[in-house]
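In what follows, chains carry the letters A, B, and so on, assigned in the order in which the sequence lines appear, proteins first and then strands, with residues in each chain numbered from 1. No experiment lies behind these values; they were computed from the predicted model shown.
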Amino acid sequence: MPADTVITRFAPSPTGFLHIGGARTALFNWLFARHNKGEFLLRIEDTDRARSTPEATEAIFAGLKWLGLDWDGEAVSQFSRIARHGEVAAEMLARGTAYKCFATRDEIDAFRTEARAEGRPPLFLSPWRDADPSTHPQGAEFTIRLKAPREGKVVVEDKVQGRVEWDASSLDDLILLRSDATPTYMLAVVVDDHDMAVSHVIRGDDHLTNAARQILIYRAMGWQAPVFAHIPLIHGPDGAKLSKRHGALGIEAYRDLGYLPAALRNYLARLGWSHGDDEFFTSAQAIEWFGLEQVGKSAARFDFAKLENLNGRHIRATPDGDLVTALDEFIAAQHKPPLDAARKAMLTQAMPGLKDRAKTLVELIDISHYIISERPFHPEEKAAKHLAGDAPATLARLTVRLQNARRWTAGSLEESVRAFAEEEQIKLGRIAQPLRVALTGRTVSPGVFEVMETLGRDETLARLGDVAAAP
RNA sequence: GCACCCUUCGUCUAGUGGUCCAGGACGCCGGCCUUUCACGCCGGAAACACGGGUUCGAGUCCCGUAGGGUGUACCA
């Protein structure tokens, strides 16, 4: 593989579902890799054994698959690489860029508490940094710390944030290997990113200061650091950090709400990244256009109204047959009775009139109610009003005419109903609404003549009969 | 506390010193279309956080203030 191949990775920790912020990070990595014809890798950061669960790992896989973010190769378990992490720590010890620290947790905690109380920086400077090995306590537990430079600057040339620098004195000697010999996140990411030949690290900007520390580890090992790009976080509608309490729903919640993966990708890409005034685009276009240069620096708020609008546009842009398939899968996922072939055919036929009226799959099912459900219908309360007064009598007269209709198409049906309204000297609306309610049980539906055509003569007449028979 | 990042309509954003009395999109308001509701179309209200500089000229550069965010773990 050529050295200039772009390799990105998404590295979630399996401590819960794939949330929307993680999904966007994954999306940006995927977009960047695909744009550059590189690779998009997946690594599960499961070194925290207490909090990691296999269920969460599965949820992340499922979430990425549903969103359509395919990764290259097998997902890597960070925990499985624990031996290699230990090896690197040992090498750093040998190189003199790390040291054993025998300070106990209690000592460190006490130091920090005191420092804070006195208003001093709570940076723990280990007394073991330059200790002679002969003074090391025998058999005592120890951690391995990075021997970080005490002077100078640490610079991150970030593709999104620009040049950011810290005084080395503000960074502590972070722990590389815990006292139980397991690696910390800092060590593990660096070793894994290096070994996986990751060229671009694209992640949330909550990791920006971590980049400074990680660069120190790269330096200590004499490795070349990857290109960093810290993208801004997504905030909740109230501007606060997106947390579970603030509607940071798992990706599957968006699926259940009836959003299309294509729409979610579109929306998420547009959150923080732009390509001029383009708002509505396909993933192929996003891949073609994507670049780190057009990623903004400020946090964005999640806005359901806009997602919904975009979703509606994607629904309208989806071929009718695909929409029926999506509906079928959606219904199956909800454990509802599956659609039979006749209903699927009706849905496909009616879809042009249906999809204009739905912004989500949930709404699409709702507006398709007159096809999916069985007669007889019990009209909704406000719909029933259209069946009051002389409406049933008028409907009955219309039914007779309909029974003799020669052609059963929306066009000819409209002709005869219009003619009927003229004879009765009523406005079309006076008969169309009762007709709609009789046929769908609702006041809202696609054009009533299309509904009749979709339903067919027998079903239409049967529903009209139901109304006539009602008390 | 300290460090770092951010700040254009309610929201997402365009804007890389003059073409910006700031453009688009969502949402909102009004209208058209119409058998309902949508879709579509037309129109409207709505923003450069504040204060100093630099410059002939600043939304665009610099400094400060305010507000927001992130980090500061033997968590990732």
Side-chain angles (χ1 to χ4, degrees), chain A residues 11-15 45-48 50-52 78 101 103-105 108-109 112 115-116 118-124 141 143-145 156 158 160-162 164-167 170-172 174-180 182-186 188-189 204-210 212 230 232-233 235 237 239-241 267 270-280 294 296-310 312-313 316 353-359 363 367 383 386 414 417-418 421 427-433 435-437 440 442-449:
Chain A
S13 50
T15 54
E45 311 238 312
D46 51 359
T47 51
D48 184 344
R51 297 199 300 152
S52 299
Q78 185 160 64
C101 171
T104 65
R105 271 177 237 248
I108 299 169
D109 287 347
R112 279 204 265 258
R116 246 180 253 275
E118 292 174 15
R120 284 184 286 114
L123 265 196
F124 178 70
E141 281 196 338
T143 58
I144 295 182
R145 285 183 186 269
V156 175
D158 194 278
V160 171
Q161 304 292 335
V164 184
E165 50 177 62
W166 292 263
D167 280 323
S170 69
L171 270 18
D172 63 356
L174 62 270
I175 290 178
L176 267 10
L177 222 53
R178 302 185 185 103
S179 48
D180 64 359
T182 59
T184 60
Y185 163 75
M186 291 295 173
V189 245
D205 70 10
D206 49 337
H207 284 285
L208 186 56
T209 47
N210 287 338
H230 289 90
L233 267 17
H235 286 173
K241 186 187 181 182
Y267 178 71
R270 197 66 186 74
L271 222 50
W273 170 79
S274 63
H275 181 262
D277 284 336
D278 292 311
E279 299 283 351
F280 177 69
Q294 296 92 293
K297 292 171 129 189
S298 51
R301 298 188 192 200
F302 196 89
D303 181 17
F304 271 98
K306 186 143 185 184
L307 202 213
E308 203 152 292
N309 171 273
L310 235 25
R313 292 165 75 170
R316 275 172 258 145
L354 256 17
K355 64 182 179 183
D356 275 356
R357 293 172 170 77
K359 290 189 161 52
E363 289 180 6
I367 195 73
H386 291 282
E414 174 165 2
V417 174
R418 279 188 189 277
K427 291 178 72 178
L428 185 59
R430 292 270 297 165
I431 185 65
Q433 272 310 76
L435 188 52
R436 184 189 318 284
V437 173
T440 69
R442 309 269 178 95
T443 54
V444 172
S445 80
V448 72
F449 308 115

Would you kindly give the CZ-to-C1' distance between A:Phe304 and B:rG10, to the nearest whole Å?
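In whole Å, B:rG10 C1' and A:Phe304 CZ are 17 Å from each other.
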Listed pairs, N/O of protein and of nucleotides 11-14 of chain B, under 3.5 Å:
unit_1 : atom_1 : unit_2   : atom_2 : d
B:rC12 : OP1    : A:Arg301 : N      : 3.0
B:rC12 : O2'    : A:Arg270 : O      : 3.2
B:rC12 : O2     : A:Lys306 : NZ     : 3.2
B:rU13 : OP1    : A:Gly272 : N      : 2.5
B:rU13 : O3'    : A:Ser274 : OG     : 3.4
B:rU13 : O2'    : A:Arg270 : NH2    : 2.9
B:rA14 : OP1    : A:Ser274 : OG     : 2.7

Member of A:Val417, A:Val448, A:Leu435 meeting the side-chain contact (heavy atoms from CB on, under 4.5 Å) criterion with A:Leu428:
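The side-chain contact (heavy atoms from CB on, under 4.5 Å) with A:Leu428 is passed solely by A:Val417 among A:Val417, A:Val448, A:Leu435.
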Using the [atom1] atom in both, what is the distance from [N] to [M], to the nearest Å?
N      : M      : atom1 : result
B:rU34 : B:rA45 : P     : 28 Å
B:rG15 : B:rC9  : C1'   : 14 Å
B:rC21 : B:rC29 : C1'   : 23 Å
B:rC28 : B:rU11 : P     : 16 Å
B:rU70 : B:rC62 : C1'   : 25 Å

Tell me every residue that passes salt bridge (Lys or Arg N to Asp or Glu O under 4.0 Å) with A:Asp172, counting only those two or more places apart in sequence or in another chain.
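Residues passing salt bridge (Lys or Arg N to Asp or Glu O under 4.0 Å) with A:Asp172: A:Arg213.
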Going 5' to 3' through nucleotides 29-49 of chain B, assign each nucleotide B (protein heavy atom under 4.0 Å from a base atom), S (under 4.0 Å only from sugar-phosphate atoms) or - (no protein heavy atom that close).
------BBBBSS---------
Excluding sequence neighbours, so at least two apart, what forms side chain to side chain donor-acceptor pair (under 3.5 Å) with A:Asp278?
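Listed in chain order: A:His275.
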Compare side-chain N and O positions of A:Asn309 against OP1 and OP2 of B:rG27 and report whether any pair is under 4.0 Å apart.
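Answer is yes, contact under 4.0 Å.
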Side-chain N,O (A:Lys297) to OP1/OP2 (B:rC5) below 4.0 Å
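False: A:Lys297 side-chain N/O out of range (4.0 Å or more) of B:rC5 OP1/OP2.
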Not counting sequence neighbours, which residues clear ring-ring contact (aromatic ring centres under 6.0 Å, His included) with A:Phe449? List them please.
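Once residues adjacent in sequence are excluded, A:Phe449 has no partner under the ring-ring contact (aromatic ring centres under 6.0 Å, His included) criterion.
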Kindly write out the residues that satisfy ring-ring contact (aromatic ring centres under 6.0 Å, His included) with A:His207, not counting sequence neighbours, or none if the list is empty.
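ring-ring contact (aromatic ring centres under 6.0 Å, His included) list for A:His207, sorted by chain: A:Tyr185.
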